[in-house]
Number of protein chains: 4
Amino acid sequence: MSSHPIDYRYGSKEMRAVWDEEQRLDYYLKVEAALARALAKLGKIPAPAAKEITGKADSKHVKLARVRAIEAETKHDVMAMVKALTEQCGEAGKYVHLTATSYDIVDTAQAIQLKEGLGILVKKGKKLLGTLVHQAEKHAGTTMVGRTHGQHALPITLGFKLANYAEKLGSGIRNLEWDRENLVQAKFSGAVGTYSAQTLYEMKGTSLEQAVMKELGLTPAPISTQVVARENIARIVADMAVVAGSLEQMAKEVRNLQRTEIGELGEPFGKSQVGSSTMAQKKNPVDCENVCANARVVRSCVAVALENIALEHERDLTNSASERSMLPTAFILLDDMLDRMEGVMAGLVVNEEQMRYNLGLTRGAIMAEALITHLVKKGIGRQDAHELMRIASQKAIREGRDLKEVILEDKIAMNTFSEQELAELLDYSNYTGQAIEKTKEIINKWGKWA
Amino acid sequence: MSSHPIDYRYGSKEMRAVWDEEQRLDYYLKVEAALARALAKLGKIPAPAAKEITGKADSKHVKLARVRAIEAETKHDVMAMVKALTEQCGEAGKYVHLTATSYDIVDTAQAIQLKEGLGILVKKGKKLLGTLVHQAEKHAGTTMVGRTHGQHALPITLGFKLANYAEKLGSGIRNLEWDRENLVQAKFSGAVGTYSAQTLYEMKGTSLEQAVMKELGLTPAPISTQVVARENIARIVADMAVVAGSLEQMAKEVRNLQRTEIGELGEPFGKSQVGSSTMAQKKNPVDCENVCANARVVRSCVAVALENIALEHERDLTNSASERSMLPTAFILLDDMLDRMEGVMAGLVVNEEQMRYNLGLTRGAIMAEALITHLVKKGIGRQDAHELMRIASQKAIREGRDLKEVILEDKIAMNTFSEQELAELLDYSNYTGQAIEKTKEIINKWGKWA
Amino acid sequence: MSSHPIDYRYGSKEMRAVWDEEQRLDYYLKVEAALARALAKLGKIPAPAAKEITGKADSKHVKLARVRAIEAETKHDVMAMVKALTEQCGEAGKYVHLTATSYDIVDTAQAIQLKEGLGILVKKGKKLLGTLVHQAEKHAGTTMVGRTHGQHALPITLGFKLANYAEKLGSGIRNLEWDRENLVQAKFSGAVGTYSAQTLYEMKGTSLEQAVMKELGLTPAPISTQVVARENIARIVADMAVVAGSLEQMAKEVRNLQRTEIGELGEPFGKSQVGSSTMAQKKNPVDCENVCANARVVRSCVAVALENIALEHERDLTNSASERSMLPTAFILLDDMLDRMEGVMAGLVVNEEQMRYNLGLTRGAIMAEALITHLVKKGIGRQDAHELMRIASQKAIREGRDLKEVILEDKIAMNTFSEQELAELLDYSNYTGQAIEKTKEIINKWGKWA
Amino acid sequence: MSSHPIDYRYGSKEMRAVWDEEQRLDYYLKVEAALARALAKLGKIPAPAAKEITGKADSKHVKLARVRAIEAETKHDVMAMVKALTEQCGEAGKYVHLTATSYDIVDTAQAIQLKEGLGILVKKGKKLLGTLVHQAEKHAGTTMVGRTHGQHALPITLGFKLANYAEKLGSGIRNLEWDRENLVQAKFSGAVGTYSAQTLYEMKGTSLEQAVMKELGLTPAPISTQVVARENIARIVADMAVVAGSLEQMAKEVRNLQRTEIGELGEPFGKSQVGSSTMAQKKNPVDCENVCANARVVRSCVAVALENIALEHERDLTNSASERSMLPTAFILLDDMLDRMEGVMAGLVVNEEQMRYNLGLTRGAIMAEALITHLVKKGIGRQDAHELMRIASQKAIREGRDLKEVILEDKIAMNTFSEQELAELLDYSNYTGQAIEKTKEIINKWGKWA
């Protein structure tokens with residue numbers, strides 16, 4: 001039985017595994033084992049005991065069912081795990097969890113999850129970035145209309161559009177990579193962050209913390225209370241939501257450009273895929289719609305992460321249950337979104353013919369800027385030129401004629417160019433400015449990194 | 001394997017079942033069966049076919065695994081279910097899903113889920129309301145200090161505090177009950193809401209819709225597109241978040257009043273429950289902290305529900321994946337919160353001795369208002385009286401003396417009362433105003449309803 | 001100097017006035033005057049004093065500048081107002097604010113604001129509803145294509161589309177009207193909600209509260225602490241955000257249907273309005289874009305309103321500053337959105353010719369459902385009929401032919417109808433189902449109420 | 001008239017000025033002037049014209065009222081500004097706005113605002129950080145109880161608590177400083193981001209963009225459409241909300257530790273400040289409550305910023321109105337929060353006597369961890385030691401005795417230490433672990449930077 005779609009519908013196996021309940025137990029045990037080995041290295045417990053603990057510290061030996069049974073009684077999940085592990089370790093059992101407080105285990109285990117989760121996101125993000133770069137290169141010179149406010153504006157190229165997305169995604173993924181290295185912090189500083197338990201064992205808590213972190217390849221927080229400060233988690237989730245927003249934008253773009261009336265782009269569509277249960281002709285951009293839907297959910301996680309910062313005193317528990325929901329949701333849905341967009345972008349259907357057709361829809365009116373600029377260059381005041389073109393282009397559309405025809409009748413305008421010059425001015429492919437150059441710049445920038 | 005805590009940690013079996021993946025399939029099938037019976041009643045398909053379909057329309061016959069396999073190929077979950085059901089129904093198979101569009105099934109099945117989910121919330125809410133009313137009655141006259149800004153203000157009674165919560169919860173649950181009756185709407189209006197498919201069968205789509213709804217005990221939306229408008233879902237989720245906020249407030253209150261320094265209230269605490277893995281003395285208000293944590297998550301669902309309203313045209317799919325996450329999360333976590341608060345409130349530890357002790361902490365200063373009012377009544381200007389008491393009460397606290405002593409030295413004040421009158425004025429239990437009366441009023445109001 | 005756009009750019013004068021700083025002072029004073037009159041009626045202060053206070057209780061006598069000066073010293077805005085009013089009232093001054101606590105004034109004044117603010121929203125909402133009903137009536141039979149997933153689906157009528165919006169808006173505004181009557185609550189229950197101050201004056205606090213409310217035309221909360229419970233404010237703001245979501249949907253629809261490639265609807269466009277500073281031809285749906293932008297801000301207010309519920313004890317101050325921002329923002333922006341959509345809907349440009357053109361874009365493929373249903377009626381299995389049409393319609397689009405031609409070549413299909421019958425089946429206007437009937441139903445429902 | 005509190009109540013003059021409507025006009029004009037000078041440097045317009053434009057490009061010459069009047073007609077604020085500036089520049093007027101699109105101006109002007117706004121936040125953040133470091137140093141050795149779950153846990157020092165806050169704030173402010181340098185990007189790439197207008201003037205748009213940016217000290221976006229990508233704005237606002245969360249935590253801590261029953265810390269309180277209009281004795285932590293309230297509003301801005309990312313095509317306008325509200329709100333409220341916390345932390349009332357008193361409240365039970373660790377060291381199994389102390393400490397509290405007395409009666413425990421050793425084990429100041437060391441580490445880290 002599963003009620004939440006991250007458990008039965010969305011996300012890769014790889015990412016789900018990171019947040020799986022049983023895997024969480026394994027991470028807890030992994031941290032307990034690292035603690036035992038660190039204590040042994042510092043000479044505080046016998047090396048064989050550390051070996052014994054390490055050998056038993058996995059969910060094959062410490063069964064989830066047993067831990068749950070103990071927790072049902074004690075209402076404390078970490079103590080339940082400690083007890084269950086102790087049961088498995090015989091004599092060595094008395095060295096389990098030594099000097100640790102629950103959240104030394106929980107926050108350190110969660111740091112492993114964050115690191116693995118971010119690692120997967122970065123890997124998939126780079127793959128998608130590579131795909132975007134590839135498509136941008138392929139379509140660097142494919143002229144299409146640029147749109148603002150949903151209205152035709154000026155020509156661009158498809159590569160240029162994709163290069164903008166590559167820049168967005170590249171920055172977003174680079175941030176997640178940076179976060180993985182710099183914002184994931186663990187702790188082994190005890191019940192209120194003062195390392196007091198260790199002093200009784202004549203050892204420096206900070207040394208033990210360093211030793212545990214070394215075992216696990218993690219970084220300790222510069223200072224902590226019972227818990228690691230929640231600011232970094234909020235930053236990570238916010239950075240994930242920004243990436244989700246970039247993906248939402250791409251997905252929305254494909255949805256819009258796949259509209260029946262526009263038809264310039266399309267999601268790849270399986271041969272036996274069904275578009276609609278009643279409308280057989282339809283090709284619905286379902287993956288892109290799905291990405292847009294899940295972006296909302298990822299976005300909503302940020303509010304939770306931000307509310308979690310202001311814990312009371314040396315900690316309260318209000319971050320706990322909310323992180324249990326929020327982190328798997330955010331990571332698994334973003335993982336799903338990246339996979340889905342990879343599928344869309346890798347198999348993107350590009351209809352160049354339709355792009356050319358659409359470019360001509362306004363009968364030249366989108367070249368108004370070019371003409372205004374030309375007129376100004378020829379000495380007409382900017383306001384006057386703007387007004388002249390506003391009237392002419394609206395006339396052309398109203399009367400269903402090409403702008404060229406209307407301009408040819410305009411004496412003021414025709415004083416400034418020959419008919420031949422006018423034709424060149426109105427050639428769309430002459431008016432993509434530095435689109436191709438910029439596209440290549442972005443391809444170079446991210447192509448190496450992805 | 002489960003990654004989301006609503007699948008392994010939070011919520012009752014009853015509520016999880018409503019949102020379970022397999023149960024969802026059962027709801028889909030139930031709607032298909034209702035459609036078949038409705039079509040039969042309108043004479044559009046043979047009665048035996050409707051019977052056959054009804055007999056096969058459950059997840060025992062139509063296996064989740066089979067549906068998933070078809071969906072993997074077709075990428076369309078409802079068509080997969082239709083195909084799997086058709087496979088089971090032999091000759092009658094051709095009547096399956098007749099005249100329906102996918103979302104006739106999905107939105108109608110979801111209406112069943114919403115209705116069942118709200119029913120459970122209302123049931124549990126009423127139970128908790130009954131518990132609050134009972135505790136308010138029991139402690140109607142238990143004097144304790146009222147606090148504003150975290151500072152002692154004036155005496156109240158514990159019953160009065162609880163009566164305030166009863167009013168909040170009562171209103172909130174009554175709203176959910178109202179929502180269940182009035183805001184849960186289903187639809188059977190076809191692919192764009194115009195009932196066009198039915199016209200080809202010489203029947204009125206609205207009649208078929210009415211017949212299906214009658215089979216299922218549901219109400220149709222006054223008008224719909226391919227989908228039911230999402231406004232009502234947003235309203236329901238917002239009303240749930242308001243209840244979550246009320247529960248958060250109660251939980252926060254118990255947490256604050258259970259502080260080591262305050263000690264007036266406490267969560268019930270199991271004999272073998274462990275407070276802390278290292279600090280054996282602790283009794284942590286973990287259930288209340290949990291409620292506060294999950295309130296954040298429920299609250300965050302509202303943003304998703306609100307974003308889902310503005311679908312494009314006769315629908316896009318962006319509400320779909322986000323509702324799949326958001327609705328189970330909101331319902332199951334709120335269910336968990338209600339259960340948890342029921343446990344807390346039913347077993348609430350009340351320390352009346354500590355309440356009396358705390359009342360005396362400010363050495364009488366909290367009676368300043370009573371004295372100001374008395375002074376004003378005796379003819380002293382309100383501003384002067386306020387100033388006199390401000391100085392006196394701060395002096396009492398600064399010098400560690402009772403307010404009474406300080407006042408006794410104040411000639412202006414002592415002109416207005418005898419020492420005996422002063423003592424009566426300073427008696428806390430004389431100064432709870434209409435607290436008890438109001439408490440009874442609320443008990444009467446909600447006691448009958450709960 | 002103004003930094004926030006609700007102070008210089010958005011919202012009507014009428015709505016801004018409700019939330020204006022100086023007006024707020026006037027509301028405070030109005031409540032103080034009502035208190036004085038109520039006290040006089042109960043025989044607790046001299047009638048002439050109440051008259052004197054009432055005469056001075058406005059911002060003409062009690063200057064905002066004076067109140068600010070006192071607040072700068074005392075850091076307490078209500079006490080500053082009380083002092084400034086007292087200064088104006090001579091002998092009667094000593095009766096100012098008698099038995100009241102600050103939040104008796106603040107929450108009661110805010111109830112007036114909520115009531116006036118909701119009144120304006122309801123008035124404007126009804127006006128827009130009337131406009132929608134009018135346009136729905138006018139275009140009840142205007143056939144256009146219905147779209148799902150951005151793809152052509154089936155024919156609808158423009159009136160039907162607008163009727164869906166009317167139902168959404170109607171429900172939303174009716175809710176706000178209900179909220180205005182039922183959720184706006186004030187209080188006069190003193191410092192912790194027990195009416196204790198009044199008992200010293202030998203009066204029942206609840207009687208005084210009733211008397212004050214009667215003076216002001218308000219309803220008291222069933223029970224309160226120092227403050228009115230914040231649940232109702234959250235409900236009101238959520239209901240406002242739902243209306244904002246409905247408006248966002250309409251605005252998004254106009255934006256989409258105004259796209260250069262679609263061109264079915266348009267915002268009214270002033271003759272001298274400038275579409276773009278460089279692209280003279282453009283007609284941008286700026287009002288609709290603005291509505292979508294502000295919907296985000298209104299939506300974000302809900303999170304604040306929900307966080308404000310869980311105040312500590314008999315109140316803390318954390319709702320105060322956040323309501324000062326959130327309420328004016330939500331009310332003034334929603335007011336602006338209603339005005340803007342009124343402008344758009346009243347002057348909506350409808351291009352019927354383009355609607356007809358677009359209907360033909362898929363060359364008949366949108367009639368697939370009609371044909372499937374027909375085939376099934378003629379005895380072909382539903383799955384087979386669906387598959388036949390899927391292949392045929394995709395073939396028609398791929399080969400740039402009309403669906404009719406492709407079907408004419410299909411022997412299985414042509415066994416079921418004559419060429420004449422096929423033509424009728426493919427006539428769009430024959431296939432709008434009950435669209436017109438439903439439209440009229442909605443017009444009747446809301447036309448009377450608006 | 002002002003309706004929003006950032007216009008009449010919150011924020012410094014300095015920060016309000018950045019977001020003021022008239023100042024915004026000045027920033028627009030400043031960008032137009034920079035454009036003129038850049039064009040002149042590239043030899044595209046006469047140097048005297050650039051000088052003339054620069055001389056007139058401020059709100060003294062170009063009046064807000066005139067711009068508004070033009071906008072009322074044209075419904076386009078930038079074109080209105082351009083026209084008003086052109087009117088002022090005589091002959092040079094025709095060179096105004098040459099090759100520019102509106103958002104070249106708007107996004108570049110907004111980059112100036114973001115940079116100035118962040119500069120102010122960083123300045124104030126550093127000041128507060130310095131204050132925290134100073135207070136942490138002063139109270140490095142002040143022992144107090146550490147609390148988890150609102151319950152007494154183990155001793156810490158006040159300096160250690162403040163050092164945790166310094167680390168949080170330091171990281172947060174360092175992020176804002178980084179954002180200021182790296183995330184504020186402007187653009188001068190024309191109507192769809194391709195620099196097409198410039199090509200008609202035989203110049204490279206990227207060169208002109210570089211020249212304009214140099215004039216203004218800004219960085220251009222690596223690639224842009226009509227607008228700068230909104231991802232960075234979302235990142236900045238999220239980073240601001242994280243700082244708001246850290247401040248909320250500090251403010252909540254002061255509020256909690258100022259509770260009547262705790263009394264360890266207090267907000268500074270003015271001599272003539274009024275705590276309550278009726279309860280003269282009260283000292284309410286109003287500044288800290290205010291900070292917590294405004295944190296909610298700043299937090300809510302993140303949702304808006306994230307929704308703004310997914311603009312359509314080469315831009316739509318939905319970010320515009322929402323940024324107009326959201327950015328001033330976030331910046332001005334965070335500015336206010338920083339100022340307010342500066343006041344609180346600089347004048348923080350520290351009651352060391354009460355800290356000592358509270359440390360003793362649990363009669364030694366908070367030393368349970370120390371004793372458990374000791375017992376384990378002496379060879380008792382961890383689970384047994386934990387159980388022994390759990391029973392003993394609960395017994396001590398239940399019977400109102402010191403833990404020491406109860407332990408003295410425990411034979412198993414007393415086998416492990418002498419009475420003298422027990423006393424030392426129970427000395428709070430011996431059990432703050434590395435609190436002081438860690439505090440100094442943080443002081444060193446941030447003291448230099450602040």
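Below, chains carry the letters A, B, ... as their sequence lines are ordered, and counting in each starts from 1. Since we're looking at a predicted model, the values are computed, not measured.
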Inset, instruction - To the nearest 0.5 Å, tell me how far A/E289 CD sits from B/E312 CD. - result: 8.5 Å
Legend entry - Largest heavy-atom contact set with chain A, pairs under 4.5 Å, which of B/D316, B/V18, B/L64: B/D316
Legend entry - Main-chain N/O of A/C292 paired to B/T318 side chain as donor or acceptor, under 3.5 Å: no
Inset, instruction - Specify the closest pair of heavy atoms between A/A321 and B/N290, including all atoms of both residues, with the distance to one decimal. - result: CB-ND2, 3.9 Å
Inset, instruction - Determine the option with the most heavy-atom pairs under 4.5 angstrom with chain A, choosing from B/V302, B/V82, B/V291, B/D77. - result: B/D77
Inset, instruction - Might you point out which heavy atoms bring B/H4 and A/S325 nearest each other, and give the distance in Å? - result: CE1-OG, 3.5 Å
Legend entry - Distance (rounded to the nearest 0.5 Å) between A/E267 CD and B/K75 NZ: 6.5 Å
Inset, instruction - Check whether any side-chain heavy atom of B/D7 lies under 4.5 Å from a side-chain heavy atom of A/E21, and answer yes or no. - result: no
Inset, instruction - Ignoring hydrogens and angles, tell me if any N or O in the side chain of A/S300 forms a donor-acceptor pair with the backbone of B/A303 under 3.5 Å. - result: no
Legend entry - Side chain, backbone, both or neither of B/N308 within contact of chain A (heavy atoms, under 4.5 Å): both
Inset, instruction - Taking the side chain as every heavy atom from C-beta outward, state whether A/N284 and B/H76 have any atom pair closer than 4.5 Å. - result: no
Inset, instruction - Just give me the residue among A/I6, A/D20, A/V304 that pairs up with chain B most often, heavy atom to heavy atom, under 4.5 Å. - result: A/D20
Legend entry - When B/R16, B/E323, B/R9 are compared by non-hydrogen pairs under 4.5 Å with chain A, the top option: B/R9
Inset, instruction - With a 4.5 angstrom heavy-atom cut-off, could you sort out which part of B/N319 is near chain A: side chain, backbone, both or neither? - result: backbone
Legend entry - Rounded distance (nearest 0.5 Å) linking atom OH of B/Y8 with atom CZ of A/R324: 5.5 Å
Inset, instruction - Give me the contact list for residues 327-337 of chain B versus chain A, heavy atoms only, anything under 4.5 Å, ordered by residue number. - result: B/P328, B/T329, B/I332, B/L333
Inset, instruction - For A/K187, check salt bridge (charged side-chain N to carboxylate O under 4.0 Å, His left out) against everything at least two apart and list the hits. - result: A/D104
Inset, instruction - Determine the option with the most heavy-atom pairs under 4.5 angstrom with chain B, choosing from A/E71, A/M326, A/R68, A/Q23. - result: A/E71
Inset, instruction - Can you tell which part of A/Q113 gets under 4.5 Å to a heavy atom of chain B, answering side chain, backbone, both or neither? - result: neither
